[in-house]
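Have a look at the structure below before the remarks.
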Protein chains: 2
Amino acid sequence: MIADAIGVTKAAVYHQYNTKDEIVLAAAQAELERVDAVVRAAEAEPTRAQARRTLVTGMVDLAVAHRRTVSTVLNDPVIVRFFAEHESFRPVMDRMSRVLMGDGTGHEARVSTAMLTAAISGTVMHPLVVGLDDDVLRSQLQRLAERILPAMNTKPKQSHSATRS
Amino acid sequence: MIADAIGVTKAAVYHQYNTKDEIVLAAAQAELERVDAVVRAAEAEPTRAQARRTLVTGMVDLAVAHRRTVSTVLNDPVIVRFFAEHESFRPVMDRMSRVLMGDGTGHEARVSTAMLTAAISGTVMHPLVVGLDDDVLRSQLQRLAERILPAMNTKPKQSHSATRS
DNA sequence: GTCTATATATAGATAGAC
DNA sequence: GTCTATCTATATATAGAC
C-alpha cells in the first residue's frame with residue numbers, strides 16, 4: 001500500500017526500512033513526540049490542578065487537529081497491541097495517566113482517567129462529529145472534558161499551595 | 001484462524017458460511033440484538049429523561065459484561081467500516097443516538113452524544129481498568145456517565161410533562 | 001535508490017471425494 | 001459435514017542487477 005501510494009516498488013521501501021515494524025514506528029514517531037510535548041508542558045505546571053487542565057487542553061487540541069491518527073493510535077486493536085509490545089510508547093502514556101491521576105491509585109481515579117482518555121480520543125472520530133468544524137468540536141470537547149475532570153479529585157487536594165487565598 | 005480454533009479445515013467452515021462477511025455478521029448478530037434490546041427498552045420509557053437514563057444504564061451494563069466485544073464493534077476501524085457498509089447495523093445505532101439527542105440536532109447535542117458513546121465503549125478496554133472487578137467498573141462508569149448526561153439538555157426541556165410537580 | 005525477480009506465508013475461496 | 005487439493009491475491013520480505 002505504501003509503495004503504491006508513493007509510486008515506487010516494495011523493494012524501494014524495504015531499502016529505507018528493514019521491517020514493517022520499523023515503518024510503523026517511524027510513522028508513529030511524530031505523533032508520539034506531540035503527545036510527549038503536551039505531557040511535558042503539563043508536568044512543568046506548578047500545581048496538579050493546573051497540570052491536569054494543561055494536559056486536557058493539550059490533548060483535546062491534539063485529538064481534534066489529528067483526528068484520525070489519535071483515534072487510530074489509541075483505539076485500533078492492532079496498533080494498540082503493537083505499542084504495548086514496543087517499549088518507546090508506554091512510558092509517555094504512563095506519564096500522561098500519572099498527571100491525570102495525581103497520587104490517586106484507587107478505582108475512582110483509574111476509571112475517571114480511563115474515561116477521560118477514551119472520551120477525548122473516541123469522540124473525534126465518531127460519525128456524529130465527522131462533519132463538525134474543528135473549532136466547534138474543540139470547544140465543545142473542552143467543555144465536556146471539564147465535567148469529568150472534577151470527578152478525579154475525590155479528596156479535594158489540600159496540598160502545598162493550599163494556604164493561598 | 002477460526003478453522004484452526006475449532007479444529008477443522010477452512011473448507012468445513014466455508015460449507016457453513018459462503019463468505020467472510022457472512023461469518024462476521026453472524027458473529028456480531030448476538031451483540032447487535034443485545035444493543036437493540038437496550039434501545040427498545042429506552043424507547044419505551046414515557047419521558048426523554050427516563051429514556052436516556054435507561055439507555056445509559058443498559059449500555060454501561062452491556063459494555064462491562066462484554067468488554068472486548070463492545071469495544072471492538074465500536075472502535076476497531078475495520079469492524080466499524082464493515083458495519084457502516086452493511087445495512088443491518090446502522091439503524092440500531094441511529095436509534096440509540098436519537099434517544100440520547102432527543103430533538104437536539106446542534107453541535108452540543110452531537111458532541112455530547114458522541115462523547116458519551118465513546119466514553120462508555122472506550123473505557124472498558126482501557127489498560128487502567130482491565131484488572132478492575134466488573135461491579136466496581138460498572139458503578140464508577142455509571143456515576144461518570146451521569147456527569148456528561150445533563151450537558152445534553154441545553155434547554156432544560158419544558159415539554160408535555162412539564163406541568164407535573 | 002530504485003528496479004526486476006523470487007521466496008514464503010497466509011487469507012479467502014472453490015471443486016470434488018468420502 | 002468434513003476432508004484433500006488447488007487457486008488467486010496479498011503481505012512481508014530478500015537477492016542481485018542498474
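Everything numeric in this text was worked out from a predicted model, so none of it was measured. We name chains A, B, ... by the order of the sequence lines, and we start the count at 1 in each one. Every heavy atom of this structure was used, including side-chain atoms; hydrogens, water molecules and symmetry mates were not.
- When the C1' atom of C/dA11 is taken as reference, atom CG of B/Asp21 falls 13 Å away, rounded to whole Å.
- Atom pair A/Ile6:CD1 and C/dT2:C1' shows a separation of 11 Å (rounding to whole Å applied).
- Atoms OG1 and CE, from B/Thr117 and B/Met96 in turn, are 4.0 Å apart once rounded to the nearest 0.5 Å.
- Rounded to an integer number of Å, the gap from A/Tyr14 OH to C/dA5 C1' is 16 Å.
- One finds the CD atom of A/Glu108 at 5.0 Å from the CD atom of B/Gln140 (value rounded to the nearest 0.5 Å).
- Between the P atom of D/dA11 and the CG atom of A/Asp4 lies a distance of 9 Å, rounded to the nearest Å.
- Between the side chain of A/Arg98 and the backbone N or O of A/Gly102, at least one donor-acceptor pair lies under 3.5 Å.
- Along DNA chain D, the nucleotide nearest to A/Met1 and the one nearest to A/Ala11 differ in position, and the one closer to the 5' end is contacted by A/Met1.
- Per the geometry, NE2 belonging to A/His15 stands 17 Å off P belonging to D/dC18, to the nearest Å.
- Relative to the side chain of A/Thr19, the nucleotides C/dT2, D/dA13, D/dC3 differ in distance, and D/dA13 lies closest.
- For B/Thr9 and D/dT2, the shortest distance from a side-chain N or O to OP1 or OP2 is not below 4.0 Å.
- To the nearest 0.5 Å, atoms CD1 (A/Ile79) and OG (A/Ser71) are separated by 11.5 Å.
- In this entry the distance linking NZ of B/Lys10 with P of D/dC3 reads 13 Å, nearest Å.
- One can place OH of A/Tyr17 at 16 Å from C1' of C/dT2, the figure rounded to the nearest angstrom.
- Nucleotide C/dG1 holds its P atom 14 Å from the CG atom of A/Asn18, rounded to whole Å.
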